[in-house]
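Counting begins at 1 with the first residue of the sequence. Numbering of ligands and ligand atoms starts at 1, following listing order.
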Amino acid sequence: MNIQKKEVYSFQSEVKQILHLMIHSLYSNKEIFLRELISNASDAIDKLRFQSISNTELYENDNNLKIQISINKSQKTIIISDNGIGMTRQDTIENLGTIAKSGTKSFLKSLEKKQNNIKNELIGEFGVGFYSSFIVSRKVSVRTRLAGSKSDQGVLWESSGEGEYNITTVMKKQKGTEITLFLKKEEEEFLELWRIQNIISKYSDHITVPIQIQKYDEKNKTYFWEQINKATALWIQNKSSISEKEYQDFYKHLTNDQNNPIFWSHNHVEGINEYISLLFIPEKAAWDIWNRENKYGLKLYVKRVYIMDNAQEFLPNYLRFIRGLIDSNHLPLNVSREILQDNSITQNLKKALIKRSLKMLETLAKNDDKKYQQFWNQFGLVLKEGPAEDSKNLNTIIKLLRFTSIQNNTSEQTLSLEKYISNMHPNQEKIYYITADSYTSAKNSPHLELFNKKNIDVLLLSDRIDEWMMNYITEFEGKKIQSISKDDESLNKLIKEKEKKQETSVEITEFLKKAKTTLGEKVKSIRLTHRLTDTPCIVLSDSNEMSTQMAKLFTAAGQAVPELKYIFEINPNHDLIKKICKINETKKFDEWINFLLDQALFAEKGSLENPHQFISRINKLILEQ
Ligand code: ADP
Ligand code: MG
């Protein structure tokens with residue numbers, strides 16, 4: 001053999017950290033190393049199949065693609081080999097010495113504070129793949145050669161998982177990769193054939209590549225290979241022949257998620273747009289669901305041939321929590337991301353898959369309140385991006401939204417708009433909502449006083465995205481949707497004439513006149529209101545102006561916002577107003593009226609431009625009592 005000098009390399013620091021976690025047996029179920037290595041071998045065979053569509057020479061006259069596993073008891077090794085795509089020297093450095101995933105650093109950082117069992121779960125989800133071989137091995141060696149290369153020269157990559165690895169050139173006749181695990185002393189249970197066979201059937205039955213295991217024929221004193229998986233794609237099978245457990249196992253294999261999915265939808269569609277789709281709703285949000293750079297999307301197959309992971313073209317952003325696959329009969333086999341982006345078949349498939357996904361959510365909502373709530377608590381915030389992103393399906397999306405409200409009486413978002421409408425007051429024309437920074441602040445807003453009194457329900461919105469979302473939801477089932485912190489005619493109709501007639505004395509008319517002079521341009525207008533009970537005054541945004549919450553969002557995003565001018569409303573029945581009415585001294589009256597405006601602004605915005613002035617004014621007014 002033509003063995004060259006060894007070259008020694010150091011692992012990327014993130015890899016060192018991961019290896020450290022692995023070696024110090026973070027995993028409670030060590031056996032997953034086999035799942036990971038088989039999954040890599042199967043990916044390598046998928047890649048070969050895909051690339052050989054345009055270059056059949058990659059097969060090197062060996063198209064009997066398979067994964068083989070053998071155990072050597074005397075050497076205490078397990079060998080996993082595949083005749084897939086293989087790797088070059090540079091590939092081994094990039095793939096086995098670094099982690100390319102974006103967000104790895106922040107992921108590792110977030111692990112530091114977590115408990116062990118949560119770490120386990122997260123790291124499994126993150127998919128540390130190849131490195132899991134070090135859970136059970138004191139040394140790992142990888143012999144590999146890229147399919148289609150001109151010579152038999154391959155690469156030998158070796159490491160004991162402690163900071164460094166080395167690379168040598170070796171001869172390798174067969175294309176693909178052969179991984180040898182030199183087991184740690186305490187992990188020798190994995191040298192038992194039945195154990196390995198069990199693990200494979202547990203995790204890898206749905207691998208579409210044949211997996212063979214080496215056995216010994218006692219009679220003939222020879223070794224032979226036995227295939228131990230079905231090697232048929234689960235999704236092409238008939239729905240009725242697939243058990244719940246098989247779907248769950250397949251999901252875990254597909255996603256690396258260790259939890260079962262809460263729901264799925266499997267469809268064989270014929271006709272002009274022939275495809276099979278298998279969509280899952282996970283139980284928990286992936287750790288990187290809010291990482292904008294991160295890839296999401298379905299696994300794409302064309303006529304059963306694996307094409308790519310994370311094909312984002314089939315689902316919109318707001319459905320990015322859905323995992324699964326699409327197998328199209330009409331896309332070309334040589335499809336690339338560029339072709340996908342600009343393709344009418346893709347467009348049609350996307351439309352169909354959005355419908356399927358929404359239908360799946362509707363079914364879940366209809367049939368299983370508890371599970372739907374579990375889904376909403378995990379992914380509601382993502383789905384709330386829907387109204388802005390997908391106006392075509394707006395009505396369906398609205399039905400899937402969940403809110404909390406005054407009468408809902410819990411901060412948990414459990415109320416649908418359909419239910420809100422069915423509980424509407426006979427005189428109520430519109431669906432009312434309020435947005436605030438928090439549930440508590442929304443629930444205690446003075447804007448709600450009238451609604452509490454009249455027993456009319458109001459949606460309480462306090463997620464950051466809500467204000468933005470409500471811009472896109474203006475109507476539902478013929479009912480207008482109205483913010484109660486904005487000026488609105490329908491509110492007046494809720495107040496009985498009798499209530500309005502009270503208290504329009506000379507004193508209060510005079511009060512309004514003087515207040516107008518004092519405040520001048522500070523407010524848009526000033527008027528009496530009959531919607532307050534315990535609060536002396538309130539501010540409202542004009543119906544065509546930017547709302548307070550929206551202005552806050554803009555400001556937080558660093559954008560300039562025009563100065564907000566409010567309608568200032570006074571509750572003539574409040575004792576404080578009655579008291580101020582009696583003040584004749586102009587300077588003192590001015591102090592009081594400015595104080596009233598400031599407190600209304602404070603309640604509305606949660607902050608004041610000049611809090612110091614507000615406080616010293618209160619102190620002064622108290623001392624004068
Ligand atoms: P992942 O599979 O999520 O990419 P892994 O750590 O399991 O992460 O593998 C890292 C990379 O190493 C793979 O993406 C692949 O490029 C390469 N690799 C691992 N095993 C094989 C193999 N048997 N054949 C070819 N490439 C492999
Ligand atoms: Mg992998």
Side-chain angles (χ1 to χ4, degrees), residues 9 11-12 14-19 21-22 27 32-52 58 60 65-70 78-104 107-108 122-135 137 140-149 154-159 161 165 167 172 174-181 203-204 207 209-212 252-258 286-288 294-297 299 306 308-310 323:
Y9 295 83
F11 284 113
Q12 179 199 26
E14 283 89 350
V15 176
K16 283 185 197 163
Q17 262 175 288
I18 298 258
L19 284 170
L21 285 167
M22 294 282 131
Y27 272 93
I32 58 102
F33 75 91
L34 198 55
R35 175 188 75 191
E36 295 298 330
L37 295 180
I38 289 176
S39 142
N40 285 350
S42 149
D43 289 349
I45 285 172
D46 277 345
K47 278 184 206 158
L48 176 69
R49 276 191 190 138
F50 174 61
Q51 290 181 24
S52 56
L58 295 183
E60 298 183 4
L65 301 179
K66 55 188 181 293
I67 301 169
Q68 295 187 316
I69 297 168
S70 56
I78 304 176
I79 300 175
I80 296 113
S81 78
D82 66 72
N83 51 356
I85 193 72
M87 282 181 273
T88 64
R89 182 186 191 92
Q90 191 56 31
D91 288 341
T92 60
I93 295 173
E94 277 162 23
N95 300 336
L96 309 181
T98 62
I99 298 182
K101 268 186 199 115
S102 73
T104 306
F107 170 75
L108 284 167
L122 283 173
I123 212 157
E125 198 187 316
F126 182 73
V128 284
F130 172 76
Y131 302 111
S132 62
S133 42
F134 289 98
I135 303 174
S137 315
V140 176
S141 79
V142 180
R143 283 177 73 238
T144 183
R145 180 173 67 74
L146 189 70
S149 47
V155 183
L156 175 66
W157 179 104
E158 283 183 309
S159 177
Y165 57 92
I167 299 181
K172 188 171 187 304
Q174 193 189 41
K175 66 179 183 295
T177 304
E178 179 191 278
I179 297 180
T180 308
L181 307 178
Y203 294 115
S204 311
I207 295 269
V209 179
I211 303 173
Q212 302 177 343
K252 290 178 181 168
H253 157 71
L254 194 76
T255 59
N256 263 330
D257 185 355
Q258 288 163 39
W287 62 277
D288 54 359
N294 217 70
K295 298 193 186 97
Y296 63 92
K299 203 167 179 131
Y306 162 79
M308 65 177 83
D309 285 318
N310 305 319
R323 313 291 298 269

What's the spacing between E94 CD and Q12 CD if we round to 0.5 Å?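 Here the interatomic distance stands at 11.0 Å.
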When rounded to the nearest 0.5 angstrom, what distance separates CG in L58 from CG in L48?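 The distance works out to 6.0 Å.
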Looking only at heavy atoms, is any part of T144 under 4.0 Å from ligand 1, and if so is it the side chain, the backbone, or both, or is it neither?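 It is neither; nothing of T144 touches ligand 1.
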May I ask you to identify, for D82, whether its side chain, its backbone, both or neither come under 4.0 Å of ligand 1 on a heavy-atom basis?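 D82 to ligand 1: side-chain contact only, backbone stays beyond 4.0 Å.
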Going by the order shown, which atoms of ligand 1 are within less than 4.0 Å of some heavy atom of F130?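 Listed by number with element: 5 (P), 6 (O), 7 (O).
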Distance filter under 4.0 Å to L96 heavy atoms, resulting ligand 1 atoms: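 This gives 12 (O) as the contact atoms.
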Between S149 and R145, a side-chain donor and acceptor under 3.5 Å: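 Looking only at side-chain atoms, R145 and S149 do form a donor-acceptor pair, the distance falling under 3.5 Å.
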Is I167 close to I93 at the side-chain level, that is, under 4.5 Å between some pair of heavy atoms?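 When only atoms from C-beta onward are counted, I167 and I93 do touch, with a gap below 4.5 Å.
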So which heavy atom on [X] is nearest to which on [Y], and how close?
X   : Y   : result
I67 : S42 : CD1-N, 3.8 Å
G84 : I45 : CA-CG1, 3.8 Å
G97 : V15 : O-CG2, 3.4 Å

Provide the protein N, O or S atoms situated under 2.8 Å from the Mg ion (ligand 2); waters are not included.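 Less than 2.8 Å away from the Mg ion (ligand 2) sit N40 OD1.
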Does ligand 1 come near enough to [X] that some N or O of the ligand is less than 3.5 Å from an N or O of the residue?
X    : answer
Y131 : no
G129 : no
D43  : no
E36  : no

Sequence neighbours left out, what passes salt bridge (charged side-chain N to carboxylate O under 4.0 Å, His left out) with D43? Give chain and number order.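 For D43, no residue satisfies salt bridge (charged side-chain N to carboxylate O under 4.0 Å, His left out) once neighbours in sequence are set aside.
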Just to be sure I'm reading this right: ignoring hydrogens, which of N95, I45, V15, I80 gets closest to atom 17 (C) of ligand 1? Compare them by their nearest heavy atoms.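 Result: the heavy atom closest to atom 17 (C) of ligand 1 is in N95.
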Go through the structure and list residues passing side chain to side chain contact (heavy atoms under 4.5 Å, CB included) with Q17, not counting sequence neighbours.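 Once residues adjacent in sequence are excluded, the partners of Q17 under the side chain to side chain contact (heavy atoms under 4.5 Å, CB included) criterion are L108.
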List for me each residue that meets side chain to side chain contact (heavy atoms under 4.5 Å, CB included) alongside D91, sequence neighbours excluded, and say none if there are none.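 Per chain and number, D91 pairs via side chain to side chain contact (heavy atoms under 4.5 Å, CB included) with M87, T88, N95, L146.
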M87 to ligand 1, any heavy atom closer than 4.0 Å: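 M87: in contact with ligand 1 (<4.0 Å).
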Looking only at atom types and distance, does a side-chain atom of Y131 sit under 3.5 Å from a main-chain N or O of L96, one as donor and one as acceptor?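 Such a contact is found between Y131 side chain and L96 backbone.
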